[in-house]
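Model, not experiment: these values are computed from the prediction.
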Amino acid sequence: MNPQGGPKRSSANARHEDAPVNAPAPVHPDYATRYSRYGHGIDVRATYAHLPAQWLWTWITGKSLREHAPRAPKETWRSELGLWGQLAWSWSLIVLGVLLGSWALYASVSMWIKVPACIFSWVLVVNRTRGLLHTFHYTNHGATIADMRRARWIGRWFMSIPILHTSWINYHKLHAEVHHGANDLCTDNDPDQQFMTQHGFYYGMPEREYWLRLIYAPFLPRNLWAHFWFRVQQNFIVATREEIVCRTAFWVVFLGVSIATGTIQDLTLFYLFPLFVLTQHSSWIQHTTEHLWFPRVPEDTSRFVAVGAMTWGRFQGRPHPGHGRGPLHWLRLLKWWSLIVLIDIPIRLYSFMQDLPSHDFHHRAPRVSFWSIARERAANEGLPSKFGPMTETWGIFESWQILRDHLCRQAHDPFGVFAWDAEQRGPVRRDRCSMIPLGEPHAQG
């Protein structure tokens with residue numbers, strides 16, 4: 001089996017006989033990537049292929065070039081030392097962010113320096129505290145290191161308690177068991193969809209209300225309070241006694257030392273404020289586009305195809321202008337580079353850090369590590385899968401548009417995946433039906 005649950009392929013079908021062992025498998029035409037009506041209709045990432053430093057373009061866009069064969073999830077994990085390196089890097093940047101903000105606050109420099117420095121310090125702290133949350137998320141899935149006993153201890157003390165995140169056991173129940181349950185994803189049982197409901201979203205909402213709520217909902221005092229109160233509950237009320245003791249001890253010591261050393265003001269402004277307020281907004285931007293909330297799934301659709309249809313790759317960028325000459329070409333290049341610097345990189349830093357552009361593939365293969373998820377998504381793109389073909393958007397606004405069309409205009413199949421599935425199950429294509437595991441329950445509409 002490949003990581004996303006497709007049928008086992010013979011070596012003859014998996015790659016050309018004269019191709020290198022690690023060469024990508026040929027794309028199956030029935031599983032070619034699908035695009036929305038607002039997309040470019042082409043492989044945008046391929047237009048970056050001639051540029052140097054491909055690792056950088058993979059980070060900026062969130063999408064890797066298709067250069068490798070798929071690997072088993074376990075092959076993407078790292079050693080415990082690798083996990084410690086990830087945590088050391090994250091916490092170093094958090095400390096750097098706090099120190100930068102503190103310097104900007106007290107330094108006798110121009111406001112033209114103070115303000116950008118404070119904003120950048122907040123972005124650093126938001127990026128890495130949310131990065132710790134997502135590292136915890138993958139560790140809880142068993143997708144970072146093999147030793148789950150050590151993973152749980154490291155996750156508690158270095159990825160959960162210091163950012164007031166949910167405890168290991170409760171997070172696994174809410175996320176792995178419910179949100180990742182094929183029968184619960186994007187239902188009223190799903191905590192992530194409940195979050196959308198609490199912020200005023202619902203199926204059939206007017207377009208004006210949709211756009212207004214996208215803008216102001218995360219800033220409403222009741223939503224900010226609900227976010228903070230949820231953290232308090234998960235850390236000090238509903239957690240196990242052992243967790244409550246550990247978390248209370250940490251925060252009593254942390255706040256006590258901060259007050260005693262006179263650093264409480266700096267930590268409040270440049271650690272606690274971004275942790276409790278700005279991360280809410282940062283998470284909101286990506287959460288609204290994480291799934292096709294409040295879905296309308298056709299009857300008899302495979303629950304796996306339904307999961308595939310409710311998720312998509314969310315990449316940043318646009319087609320490269322290519323080679324050319326003359327003033328118009330140079331203007332197109334200037335615009336392209338300007339949008340990279342002014343839009344793509346800030347959104348990647350502030351909201352779509354680590355694995356989030358490839359969150360769709362995480363639902364297909366939750367035990368693939370975040371370190372390798374862009375590569376593995378690209379390796380599996382276009383291959384037969386019980387989840388159906390992969391789909392993608394480029395730019396946050398495209399994702400907001402297809403969610404708008406679904407909630408406000410009753411356009412429930414933005415990528416045509418449900419129509420594709422019906423065709424696959426039709427009498428002419430009945431030979432393809434074996435790709436959906438026999439005996440699996442089907443989602444009802």
Side-chain angles (χ1 to χ4, degrees), residues 86-136 155-167 216-237 239 243-286 345-351 353-354:
Q86 173 75 23
L87 297 179
W89 175 67
S90 292
W91 281 110
S92 295
L93 288 181
I94 290 171
V95 171
L96 177 63
V98 173
L99 292 176
L100 175 63
S102 180
W103 170 84
L105 183 65
Y106 299 111
S108 299
V109 294
S110 165
M111 292 298 291
W112 292 102
I113 297 176
K114 278 182 178 286
V115 173
C118 288
I119 291 174
F120 187 64
S121 74
W122 285 333
V123 171
L124 274 181
V125 173
V126 167
N127 180 282
R128 285 300 85 211
T129 51
R130 285 195 60 213
L132 289 169
L133 184 155
H134 291 289
T135 304
F136 178 90
R156 170 196 280 179
W157 287 104
F158 296 92
M159 294 180 264
S160 178
I161 291 178
I163 63 171
L164 277 180
H165 188 40
T166 309
S167 69
Y216 72 72
F219 299 110
L220 289 177
R222 68 171 181 270
N223 291 333
L224 289 171
W225 170 251
H227 173 68
F228 177 76
W229 180 242
F230 177 80
R231 288 178 182 261
V232 171
Q233 285 181 306
Q234 291 296 320
N235 279 267
F236 306 113
I237 298 175
E243 287 284 356
I244 292 173
V245 169
C246 292
R247 290 162 190 271
T248 301
F250 175 89
W251 281 97
V252 166
V253 172
F254 175 81
L255 295 175
V257 170
S258 301
I259 293 170
T261 57
T263 57
I264 187 65
Q265 175 178 297
D266 296 2
L267 288 169
T268 299
L269 285 174
F270 300 109
Y271 183 67
L272 299 180
F273 171 70
L275 180 64
F276 295 135
V277 178
L278 298 181
T279 55
Q280 176 77 345
H281 182 251
S282 165
S283 179
W284 171 255
I285 293 174
Q286 79 82 26
I345 292 177
I347 288 179
R348 191 77 163 97
L349 285 171
Y350 182 65
S351 189
M353 58 285 297
Q354 290 192 182

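Taking the six-membered ring for Trp and thresholds of 30 and 60 degrees, F276 and F228 have ring planes more than 60 degrees apart, a perpendicular arrangement. By the 30° and 60° cut-offs, the orientation of the rings of Y271 relative to W91 is tilted.
Between F273 and V125, the closest side-chain pair of non-hydrogen atoms is not below 4.5 Å. Counting heavy atoms from C-beta outward, W229 and I237 have side chains that approach closer than 4.5 Å. You'll find the side chain of F158 stays beyond 4.5 Å of the side chain of L132, heavy atoms only. Looking at L96 and R128, their side chains never come closer than 4.5 Å, going by heavy atoms from C-beta outward. With a 4.5 Å cut-off on side-chain heavy atoms, N127 and L93 do not count as touching. Residues I163 and L275 form a side-chain contact, since some pair of their non-hydrogen atoms from C-beta on lies under 4.5 Å apart. Residues F136 and T166 have side chains not in contact (no heavy-atom distance under 4.5 Å, counting atoms from C-beta outward).
Nearest heavy-atom pair, W157 versus P162, reported as atom, atom and distance to 0.1 Å: O-CG, 3.2 Å. The minimum heavy-atom distance between T279 and H227, with the atom names listed, is OG1-NE2, 4.3 Å. Across all their heavy atoms, A107 and K114 have their closest contact at O-NZ, 2.8 Å. Here the closest non-hydrogen pair linking P274 and W122 is CG-CD1, 3.9 Å. Nearest approach of I161 to C246, heavy atoms of both residues: CD1-CB, 4.0 Å. Taking every heavy atom of both residues into account, H281 and P218 meet most closely at CD2-CG, 3.9 Å.
With sequence neighbours excluded, the residues satisfying side chain to side chain contact (heavy atoms under 4.5 Å, CB included) with L105 are Q265, D266, L269, F270.
Between I347 atom CD1 and I345 atom CD1 the span is 11.0 Å, to the nearest 0.5 Å. Rounding to the nearest 0.5 Å places CG of L87 at 5.0 Å from CE of M159.
Judged purely by atom type and a 3.5 angstrom limit, S121 has no side-chain atom pairing as donor or acceptor with the backbone of V98.
Residue pairs meeting the salt bridge (Lys or Arg N to Asp or Glu O under 4.0 Å) criterion with at least one partner in residues 244-258, sequence neighbours excluded, are E243-R247.
Between S282 and the choices V123, V126, L349, the side-chain contact (heavy atoms from CB on, under 4.5 Å) rule is met once, by V126.
Counted by atom type alone, H134 and Q354 present zero donor-acceptor pairs between their side chains at under 3.5 Å.
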> Would Y350 and I285 satisfy side-chain contact (heavy atoms from CB on, under 4.5 Å), going step by step from the backbone distance to the final call?
Replying inline: CA-CA 9 Å; Y350 182 65; I285 293 174; 3.9 Å; yes

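Remark: F120 CZ is loosely packed, at most 12 non-hydrogen atoms of other residues, nucleotides or ligands lying under 6.0 Å away.
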